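Read the structure below first, then the notes.
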Number of protein chains: 2
Amino acid sequence: MSNAPGLDTIHSFLIVAEELNFRRSAERLNLDQSALTRRIQKLEHSIGFKLLERTTREVALTQAGQSFYKDNAHLLTRYAESIEGARRIAEGKAGHLRIAYMAFAATELMPSAVARFRQAHPHVDVALQYIRTQGQKLALANDEVDLGYMIGPFEHPDYNSVMLSSETLYVVTPLNHPLLRKFSISPTDLAEQDLILGDMREWEEYRRRLNDLFNAEGIELQVGLEASNTLALLGLVAAGLGITVYPESLIGFLGRSVEVRPIVHSQFRSRTVLTWKKSNHSEQVRAFVEVAKNLPARH
Amino acid sequence: MSNAPGLDTIHSFLIVAEELNFRRSAERLNLDQSALTRRIQKLEHSIGFKLLERTTREVALTQAGQSFYKDNAHLLTRYAESIEGARRIAEGKAGHLRIAYMAFAATELMPSAVARFRQAHPHVDVALQYIRTQGQKLALANDEVDLGYMIGPFEHPDYNSVMLSSETLYVVTPLNHPLLRKFSISPTDLAEQDLILGDMREWEEYRRRLNDLFNAEGIELQVGLEASNTLALLGLVAAGLGITVYPESLIGFLGRSVEVRPIVHSQFRSRTVLTWKKSNHSEQVRAFVEVAKNLPARH
DNA sequence: CTTTATTATTGCGAGATTTGCATCAACAAA
DNA sequence: TTTGTTGATGCAAATCTCGCAATAATAAAG
């Protein structure tokens with residue numbers, strides 16, 4: 001039993017079983033007729049019984065040969081299909097991809113990348129999941145997602161990450177707010193203002209980052225109110241209870257009840273990175289990152 | 001594409017995919033570890049992409065490798081099963097057999113052979129078909145049946161046949177018939193008797209044979225009446241309208257309303273042969289013939 | 001930090017396998 | 001009888017495969 005036949009040998013038998021003629025079969029196989037004869041002989045020897053009944057003038061399938069043919073007729077096709085399926089995955093044209101995203105990537109960065117990726121790789125099924133930055137780090141570690149759009153920067157020896165955007169932060173104020181007299185705002189202008197921010201549980205990383213930024217400038221944030229969603233937050237701002245700070249990608253979605261002004265300061269930016277495990281060698285990940293990095297700049 | 005892998009190579013990959021360790025896999029395969037490495041390398045080269053991601057310390061399946069594994073996990077099992085199925089047929093332990101029989105084989109010869117054959121080859125399904133001798137010759141020629149129990153002898157260059165029985169012929173008479181005074185009958189005793197036989201359409205070959213036998217003795221048959229089935233025939237005999245001739249195998253089935261006497265003459269016998277096409281190399285046929293030839297003599 | 005142990009890979013020569021060419025034996029058709 | 005076609009076989013060259021030994025990478029242990 002040590003000598004299992006090759007797929008080519010099985011293929012040879014299938015051809016002979018169809019042609020019932022060694023010379024023609026050998027021709028189809030681009031093989032010498034004697035070699036073909038020997039392949040069949042060896043195959044028969046390896047399984048222990050005759051598959052073909054042959055005289056010098058005629059070749060016929062034995063009953064066992066018929067059964068063997070019927071059972072293995074599609075073996076090669078199946079094998080070829082298994083290769084094609086695997087190849088599509090290897091080339092990143094199939095398989096699946098689980099992508100996590102946080103709020104700031106939800107409006108522009110993630111959708112446009114996913115749209116373009118799906119166009120290029122229609123056979124890859126993409127699963128999207130809203131997870132906040134901290135949760136994404138756990139999800140990545142546990143291999144629950146393949147990629148995460150998170151607030152950056154993020155440096156870690158086990159992960160790769162590329163910075164996809166560094167957006168200007170904007171101050172969001174009620175209409176007719178005093179700050180609007182200036183066309184652009186500096187961080188120090190916000191020192192005395194009441195801030196309305198998302199609460200810690202929901203806006204964790206963003207709050208942390210903002211704190212760091214202001215502290216670096218020697219400014220202590222005065223958070224007067226908290227809300228857990230954007231709509232509530234905007235309502236409070238519009239009502240004149242304070243101001244808030246949002247990255248550029250979101251301000252296009254704000255209503256007309258508030259005004260915005262950019263914060264002019266090289267450090268006051270919101271950075272979004274795309275992160276994945278270094279040990280994740282999936283070709284789909286590579287392909288997606290490629291797409292995400294090279295998105296055409298939005299006017 | 002000319003280098004299709006061997007089944008052993010595929011097997012090797014499956015093992016490695018399970019073990020995720022070349023050394024252990026090589027051990028399971030009774031193969032040097034370097035040879036295993038090369039098999040996998042060659043396999044990957046033949047399909048054009050990597051199946052395994054390996055460092056010197058760890059082996060992991062690529063996504064493509066996972067897909068390839070899943071698709072081919074049962075390839076070897078299926079192949080092994082295809083061999084087993086074919087082997088059973090090759091050994092005559094499976095497959096199918098179509099057997100035709102005529103009346104004289106129906107009571108003893110065919111049933112006992114079939115019974116014994118099915119016991120030895122339970123996986124062969126046997127299809128039985130009542131066909132008269134002439135019809136069997138057509139059925140065999142058209143490959144509609146594999147074997148035929150027919151009235152013999154039958155000689156033909158394209159067919160094999162073995163004689164299974166040569167039975168004494170018996171005269172069947174009404175009770176108290178004059179012929180019963182003799183314990184055994186000679187053919188000439190029948191010269192003046194009224195005979196009742198099966199009609200030509202239903203009893204074709206038997207009638208032909210009987211005619212030949214009597215003619216060879218210079219006796220012209222006087223067929224007084226014809227019937228198309230045995231029961232009607234016996235009824236006519238019992239009613240005293242004539243006598244008839246049956247082979248030994250049937251007289252045990254006759255009722256008590258008639259008497260029988262053997263015909264003592266070396267040529268006056270009914271021969272039953274089992275016939276099959278020489279071109280039919282089915283192992284089941286061979287096996288059945290073997291069984292049929294070597295049936296234990298009945299009592 | 002060094003040593004040790006374990007891993008997969010690579011170089012190489014011996015042996016086995018496969019191939020193509022030439023030839024043969026069987027047999028059908030002319 | 002001749003001719004042509006079939007599958008099988010002898011043989012030598014090319015190719016492939018294997019096992020042994022050595023190597024490089026790296027994790028674990030001292």
Side-chain angles (χ1 to χ4, degrees), chain A residues 1-47 49-62 64-65 68-69 157-158 277-279 281, chain B residues 1-47 49-62 64-65 69 157-158 278-279 281:
Chain A
M1 274 303 169
S2 61
N3 44 358
L7 288 182
D8 45 4
T9 296
I10 297 175
H11 185 216
S12 300
F13 167 73
L14 296 179
I15 298 289
V16 176
E18 287 161 12
E19 293 280 356
L20 293 178
N21 177 307
F22 277 69
R23 183 188 53 75
R24 272 204 307 279
S25 302
E27 212 166 292
R28 268 179 68 178
L29 290 163
N30 290 330
L31 194 71
D32 191 88
Q33 174 260 336
S34 67
L36 178 56
T37 288
R38 287 195 172 94
R39 278 192 183 178
I40 303 296
Q41 285 173 339
K42 186 171 182 187
L43 174 61
E44 289 178 327
H45 188 261
S46 89
I47 60 182
F49 50 89
K50 286 230 164 309
L51 293 170
L52 295 163
E53 201 65 53
R54 31 217 198 275
T55 69
T56 52
R57 299 301 292 179
E58 249 182 345
V59 177
L61 280 167
T62 62
F68 189 79
Y69 174 82
D158 291 348
K277 246 188 179 174
K278 278 184 178 167
S279 65
H281 296 285
Chain B
M1 271 307 167
S2 60
N3 44 358
L7 288 183
D8 46 3
T9 296
I10 296 175
H11 185 218
S12 300
F13 166 73
L14 296 178
I15 299 289
V16 175
E18 286 162 13
E19 292 281 355
L20 292 179
N21 177 308
F22 277 69
R23 183 188 53 75
R24 273 204 306 280
S25 303
E27 212 166 292
R28 267 180 67 177
L29 290 163
N30 291 329
L31 194 71
D32 192 89
Q33 180 247 44
S34 67
L36 178 56
T37 289
R38 288 195 171 94
R39 278 190 184 178
I40 304 295
Q41 284 173 338
K42 186 171 181 184
L43 174 61
E44 289 178 327
H45 188 263
S46 88
I47 60 183
F49 50 89
K50 286 229 163 311
L51 293 170
L52 295 163
E53 201 65 53
R54 35 220 198 269
T55 69
T56 54
R57 299 300 292 180
E58 248 181 348
V59 177
L61 279 168
T62 61
Y69 174 81
D158 291 348
K278 279 184 179 169
S279 65
H281 296 284

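In what follows, every chain begins at residue 1, and chains take the letters A, B, ... in the order their sequences are listed. Just the heavy atoms: all of them, side chains too, but no hydrogens, waters or symmetry mates, feed the values below. As the structure is a computational prediction, the values presented were derived from the model and not from experiment.
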With a 4.0 Å cut-off on N to O distance, would you call B:R23 and B:E27 a salt bridge? yes
Contact check, side chains of B:T37 and B:Q41, non-hydrogen atoms, under 4.5 Å: yes
Verify, without hydrogens or angle tests, whether B:T62 (side chain) and B:L51 (backbone) share a donor-acceptor contact under 3.5 angstrom. yes
Side-chain contact, heavy-atom cut-off 4.5 Å: A:D8 with A:L29? no
Is the base of C:dC21 touched by the side chain of A:S34 through a donor-acceptor pair closer than 3.5 angstrom? yes
Write out a two-atom table: protein N or O, nucleotide N or O from nucleotides 16-18 of chain C, distance below 3.5 Å.
unit_1	atom_1	unit_2	atom_2	d
C:dT18	OP1	A:K42	NZ	2.8
C:dT18	OP2	A:K42	NZ	2.7

Protein-nucleotide distance (A:N30, atom CG; C:dG20, atom P), rounded to Å: 9 Å
Is it true that B:E44 and B:R38 have a side-chain N and a carboxylate O under 4.0 angstrom from each other? no
For B:L31 and D:dT17, give me the distance from atom CG to atom P, rounded to whole Å. 12 Å
Spacing of B:K50 atom NZ relative to C:dA8 atom P, expressed in whole Å: 15 Å
Starting at atom CG of A:L52, determine the distance to atom P of D:dA8, rounded to an integer number of angstrom. 9 Å
Please give, in whole Å, the distance from D:dT15 P to A:D32 CG? 16 Å
Between B:T9 and B:R39: side-chain donor-acceptor atoms closer than 3.5 Å: no
Within the 4.5 Å heavy-atom criterion, are A:S279 and A:D158 side-chain neighbours or not? no
If an axis is fit to five pairs at each end of the helix from C:dC1-D:dG30 to C:dA30-D:dT1, what is the angle between the two, to the nearest 10°? 20°
Sort me out a list of protein N/O and nucleotides 2-7 of chain D N/O pairs below 3.5 Å, or just none if empty.
unit_1	atom_1	unit_2	atom_2	d
D:dG4	N2	A:R57	NH1	3.4
D:dT5	O2	A:R57	NH1	2.3
D:dT6	OP1	A:R23	NE	3.2
D:dT6	OP1	A:R23	NH2	3.0
D:dT6	OP2	A:R23	NE	2.6
D:dT6	O2	A:T56	O	3.4
D:dG7	OP1	A:F22	N	2.6
D:dG7	OP2	A:F22	N	3.4
D:dG7	OP2	A:R23	N	3.1

Applying a 4.0 Å non-hydrogen cut-off, can you work out what A:L36 is touching in the nucleic acid: base, sugar-phosphate, or nothing? nothing
So do B:V16 and B:L52 actually touch side chain to side chain, heavy atoms under 4.5 Å? yes
Considering just the side-chain nitrogens and oxygens of B:Q41, establish if one lies under 4.0 Å of OP1 or OP2 belonging to C:dA8. no
Would you mind reading off the distance between B:H45 atom NE2 and C:dT10 atom P, rounded to a whole angstrom? 13 Å
How long is the line joining CZ of B:R38 and C1' of D:dC20, in whole Å? 11 Å
Are any of the side-chain nitrogens in B:E18 or B:R28 under 4.0 Å away from the carboxylate oxygens of its partner? yes
Heavy atoms of other groups near A:H281 NE2, more than 12 under 6.0 Å: yes
Calculate, to the nearest 0.5 Å, the distance between atoms CG and CG belonging to B:N21 and B:L36 respectively. 9.5 Å
Take atom CD of B:E53 and atom C1' of C:dA8, then tell me their distance rounded to the nearest Å. 13 Å
